[in-house]
Structures are given as C-alpha cells and as structure tokens.
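Just so it is clear, the model here is predicted, and its values are computed rather than measured. Throughout, numbering of the chain's residues begins at 1 and tracks the sequence.
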Amino acid sequence: MKALIEFIARSLVDAPDQVQVTEVEGEQTTVLELKVAKEDLGKVIGKQGRTARAMRTLLSAASTKAKKRVVLEILE
C-alpha cells in the first residue's frame, strides 16, 4: 500500500525526491501519512480534492483486496 501511494505521489509532483510516506500501524487500521513539498501540495490534493479522493479510492480498493483497513492522510 505504501509503495502504491508513493508511486502515485512521485508521478504527480515536481519534486519527487521530497515525497515521504510514513506508515503508522494501529490495532485495526493502518494510517499512511503523505508528505510532499509545500509547492506540490496543490497537485496532490487537486481541484476540489479530486486527486486526493481518487488516491483514497485506489487505496481503499487495494486494502479491501488485502483484507485490511488503510487510511490516507495528507500532511502539510
């Protein structure tokens, strides 16, 4: 899951070397924290949050297939 989000984010931004994905494991849920350069934040979120919503949808589909619950948080 982490590699999927990292690949998508690196493909979207201008500074792919500044993309960081941190995985925080909980009892039932895994949280993926995505951090990008400040000037690339808009590209990752997209107009009206469409890109972020699409990334969350892909992550949800992949996590359902793996029978896990994974949440994406985009950090500033």
Side-chain angles (χ1 to χ4, degrees):
M1 308 296 165
K2 181 179 175 181
L4 173 68
I5 294 300
E6 196 169 337
F7 175 77
I8 294 170
R10 285 182 191 270
S11 301
L12 291 171
V13 299
D14 290 333
D17 54 317
Q18 293 187 18
V19 173
Q20 294 177 337
V21 180
T22 309
E23 197 169 10
V24 180
E25 298 251 356
E27 289 181 24
Q28 299 172 346
T29 306
T30 302
V31 178
L32 293 179
E33 296 176 340
L34 174 63
K35 196 169 192 177
V36 296
K38 195 165 192 151
E39 55 273 1
D40 288 330
L41 198 58
K43 291 179 183 171
V44 171
I45 294 173
K47 278 190 179 176
Q48 298 178 347
R50 287 186 184 151
T51 306
R53 194 175 321 124
M55 289 172 66
R56 287 187 175 110
T57 302
L58 286 171
L59 187 62
S60 174
S63 65
T64 302
K65 189 171 183 176
K67 296 187 171 129
K68 293 183 180 177
R69 177 156 160 66
V70 183
V71 178
L72 175 66
E73 286 186 11
I74 300 173
L75 305 176
E76 291 184 34

(message) Which Ile, Leu, Val, Met, Phe, Trp or Tyr residues join Leu75 in one cluster when any pair of side-chain heavy atoms under 4.5 Å counts as a link?
(response)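 Members besides Leu75: none; it forms no cluster.
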(request) Determine whether Met1 and Leu12 fall in the same hydrophobic cluster, where Ile, Leu, Val, Met, Phe, Trp and Tyr are linked whenever their side-chain heavy atoms lie under 4.5 Å apart. (result)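 Per the 4.5 Å side-chain linkage, Met1 and Leu12 are co-clustered.
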(message) I'd like to know if Val71 and Val36 are part of one continuous hydrophobic network [Ile/Leu/Val/Met/Phe/Trp/Tyr, side-chain heavy atoms within less than 4.5 Å].
(response)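 As far as the 4.5 Å side-chain criterion goes, Val71 and Val36 are not connected within one cluster.
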(message) For Leu58, give me all partners under side-chain contact (heavy atoms from CB on, under 4.5 Å), at least two apart in sequence or on another chain.
(response)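 By the side-chain contact (heavy atoms from CB on, under 4.5 Å) rule, Leu58 matches Ile8.
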(request) Can you sort out the partners of Ala54 under side-chain contact (heavy atoms from CB on, under 4.5 Å), two or more places apart, ordered by chain and number? (result)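 Partners of Ala54 under the side-chain contact (heavy atoms from CB on, under 4.5 Å) test: none.
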Could you list all the side-chain hydrogen bond (donor to acceptor under 3.5 Å, both in side chains) pairs where at least one residue sits in [range], not counting sequence neighbours?
range: residues 31-42; value: none
range: residues 58-74; value: none
range: residues 8-26; value: Glu6-Arg10, Asp14-Lys43

(message) Are Val44 and Thr51 packed together at the side-chain level, in the sense that at least one heavy-atom pair is separated by less than 4.5 angstrom?
(response)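 Val44 does not reach Thr51 side chain to side chain.
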(request) Kindly say whether Gly46 contributes a backbone atom to a donor-acceptor pair with the side chain of Arg53 at under 3.5 angstrom? (result)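 Flag not set: sc Arg53 to bb Gly46 has no pair under 3.5 Å.
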(request) To the nearest 0.5 Å, tell me how far Glu76 CD sits from Ile74 CD1. (result)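 Interatomic distance, Glu76 CD to Ile74 CD1, rounded to 0.5 Å: 10.0 Å.
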(request) Can you measure from CG (Leu59) to CD1 (Ile5) and round to the nearest 0.5 angstrom? (result)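 Those atoms lie 4.5 Å apart.
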